[in-house]
2 protein chains.
Amino acid sequence: MALKVIGFDADDTLWVNENYFREAEDAFCELLSDFLPKEEVMKILFDIEMKNLEIYGFGIKGFMLSMTETVVEIAGEKATHEMFAKVLSLGKEMLNKPVELLDEVENILNELKDRYRIILVTKGDLLDQQRKLEKSQLEKFFHHVEVMSNKHERDYQKLIKHLDVKPEEFLMIGNSLKSDILPVVKIGAKAIYVPYEITWQHEAVSKDEDHGVGYQQVESLSEVLNYL
Amino acid sequence: MALKVIGFDADDTLWVNENYFREAEDAFCELLSDFLPKEEVMKILFDIEMKNLEIYGFGIKGFMLSMTETVVEIAGEKATHEMFAKVLSLGKEMLNKPVELLDEVENILNELKDRYRIILVTKGDLLDQQRKLEKSQLEKFFHHVEVMSNKHERDYQKLIKHLDVKPEEFLMIGNSLKSDILPVVKIGAKAIYVPYEITWQHEAVSKDEDHGVGYQQVESLSEVLNYL
């Protein structure tokens with residue numbers, strides 16, 4: 001069955017993202033360093049993020065709200081208004097970051113755009129993802145942009161139905177085994193895994209979940225051209 | 001030209017929304033009542049919301065972050081961690097509200113669903129709107145659900161292109177002149193305005209913008225059936 005549609009993940013596949021979260025987390029831990037060491041602040045923040053994930057979803061605004069909650073939890077009555085102001089400014093700084101494309105992204109999209117329908121498949125805040133796409137100047141390459149609140153099997157099934165293609169005609173390329181690769185393989189579609197230098201803890205998968213079969217893994221995005 | 005697609009706005013057209021914001025604002029003003037009277041708190045909060053609208057977009061998470069910023073601004077060093085905790089709990093309560101359908105919504109959608117392609121056209125947080133749609137049990141009526149980060153003319157133009165219909169074949173029904181009616185009329189599509197009992201200040205339009213022409217106005221949603 002010939003491939004018709006290629007879906008690209010955005011964050012950490014086409015452009016830098018996770019690094020900005022790590023920088024913000026470092027500054028956040030510093031803010032609370034009088035109360036707890038970094039590892040403990042990180043653990044509490046992550047637990048609060050996970051607890052809130054169902055109601056906030058992915059993205060920077062939810063991250064800001066979880067940092068706010070972490071200040072309340074850790075600093076308690078010693079929390080100052082400056083701490084909360086700092087959380088807001090860390091988040092706003094993230095929302096205003098320029099978009100830094102990863103190596104070769106434009107060349108690769110340019111190479112593929114006339115041979116396949118290329119779409120962008122990302123999760124997170126709708127507005128934030130649209131803004132990044134605009135800043136990236138990559139919009140012209142994409143036939144369709146799908147911002148999903150999650151990337152589970154049923155979300156990909158809906159997407160494929162909407163695109164009016166069969167699973168075997170769809171290929172997903174991304175840096176998250178959990179979100180871009182395993183659910184896609186499970187519904188019978190194709191996937192190429194391009195690991196990024198850092199992975200958010202939430203996106204990590206265990207050996208039980210990933211048997212390394214059913215998808216290709218490459219070292220860098222430009223290698224995907226060898227398979228297309 | 002025969003009508004093919006009907007777009008329904010969601011918040012305050014199909015279900016209650018603005019009332020929950022008003023309740024939260026009342027509680028928020030109460031929280032800061034030792035510092036400033038209600039009208040002044042509301043004015044500062046609104047100004048902060050408007051300043052942040054471009055980066056946060058519409059929705060409850062942005063509202064929570066703007067309330068947080070308002071506490072910092074108004075209470076300053078007298079701000080307590082309880083105030084910030086209260087803002088978080090007010091927002092989470094909103095995110096967990098049940099969906100309360102407006103009168104006759106199910107009957108009306110049921111009446112129209114076989115005669116037109118019915119779609120949901122809403123702005124705000126993707127996850128929150130999806131959750132409300134799920135809770136509403138109205139998903140079965142909609143051919144397509146479009147969550148937009150904004151409802152400007154260009155957004156409706158994109159939507160119509162995506163739906164593959166001509167402007168004259170599209171009708172939008174909603175409670176906001178600014179978001180659901182005027183931009184739709186401007187691109188040559190049809191619109192029916194169903195005012196809701198309360199309107200968010202941001203959605204208000206001046207006499208200069210609205211000449212009352214180019215759309216129908218009805219008293220209640222069930223009256224739209226007279227035109228279809």
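Just so we're clear, the structure is a prediction, and the values are computed from it rather than from any experiment. Here is the naming used below: chain letters follow the sequence lines, and residue numbers restart at 1 for every chain.
When the heavy atoms of residues 130-163 of chain B are compared with those of chain A, the residues falling under 4.5 Å are B:Gln130, B:Arg131, B:Glu139, B:His144, B:Val147, B:Met148, B:Ser149, B:Lys158, B:His162, listed by number.
Ranking B:Ala85, B:Gly57, B:Gly76 against chain A, the residue ahead of the rest is B:Gly76, based on heavy-atom pairs under 4.5 Å. Among B:Val72, B:Leu88, B:Ile60, the residue making the largest number of heavy-atom pairs under 4.5 Å with chain A is B:Leu88. Of the listed residues A:Asp128, A:Val71, A:Thr80, A:Asn52, the one with more heavy-atom pairs under 4.5 angstrom with chain B than any other is A:Asn52.
To the nearest 0.5 Å, the span separating CG on B:Leu127 from CG on A:Leu126 amounts to 11.5 Å.
Within a 6.0 Å radius of CG in B:Asp164, no more than 12 heavy atoms belonging to other residues, nucleotides or ligands are found. Under a cut-off of 6.0 angstrom, the local environment of CD in A:Glu54 is sparse, with at most 12 non-hydrogen atoms contributed by other residues, nucleotides or ligands. More than 12 heavy-atom neighbours from other residues, nucleotides or ligands sit within 6.0 angstrom of NZ on A:Lys97. Atom NZ of B:Lys113 has more than 12 heavy atoms from other residues, nucleotides or ligands within 6.0 Å. Crowding of B:Lys92 atom NZ: a count of heavy atoms from other residues, nucleotides or ligands under 6.0 Å exceeding 12. Few gaps surround NZ on A:Lys51; more than 12 heavy atoms of other groups in view lie less than 6.0 Å from it. Residue B:Gln201 qualifies as open at atom CD: its count of foreign heavy atoms under 6.0 Å is 12 or below.
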Ignoring hydrogens and angles, write down the donor-acceptor pairs under 3.5 Å from the side chains of residues 30-45 of chain B, residues two or more places apart or on other chains.
{"from": "B:Ser33", "atom 1": "OG", "to": "B:Glu30", "atom 2": "O", "distance (Å)": "2.7"}
{"from": "B:Lys38", "atom 1": "NZ", "to": "B:Asp26", "atom 2": "OD1", "distance (Å)": "2.6"}
{"from": "B:Lys43", "atom 1": "NZ", "to": "B:Asp47", "atom 2": "OD2", "distance (Å)": "2.7"}

Assess the residue pair A:Lys61 and B:Asp125 against the criterion (side chain to side chain contact (heavy atoms under 4.5 Å, CB included)); give the C-alpha distance rounded to whole Å, side-chain angles, the decisive distance to 0.1 Å, and a yes or no. CA-CA 10 Å; A:Lys61 285 182 289 183; B:Asp125 263 355; 3.4 Å; yes
Step by step, would you call A:Met83 with B:Phe84 a side chain to side chain contact (heavy atoms under 4.5 Å, CB included)? CA-CA 11 Å; A:Met83 290 178 185; B:Phe84 296 100; over 6 Å; no
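Residue A:Glu82: no heavy atom, backbone or side chain, is found under 4.5 Å from chain B. A:Leu95 touches chain B through its side chain: at least one heavy atom from C-beta onward sits under 4.5 Å away, while N, CA, C and O do not.
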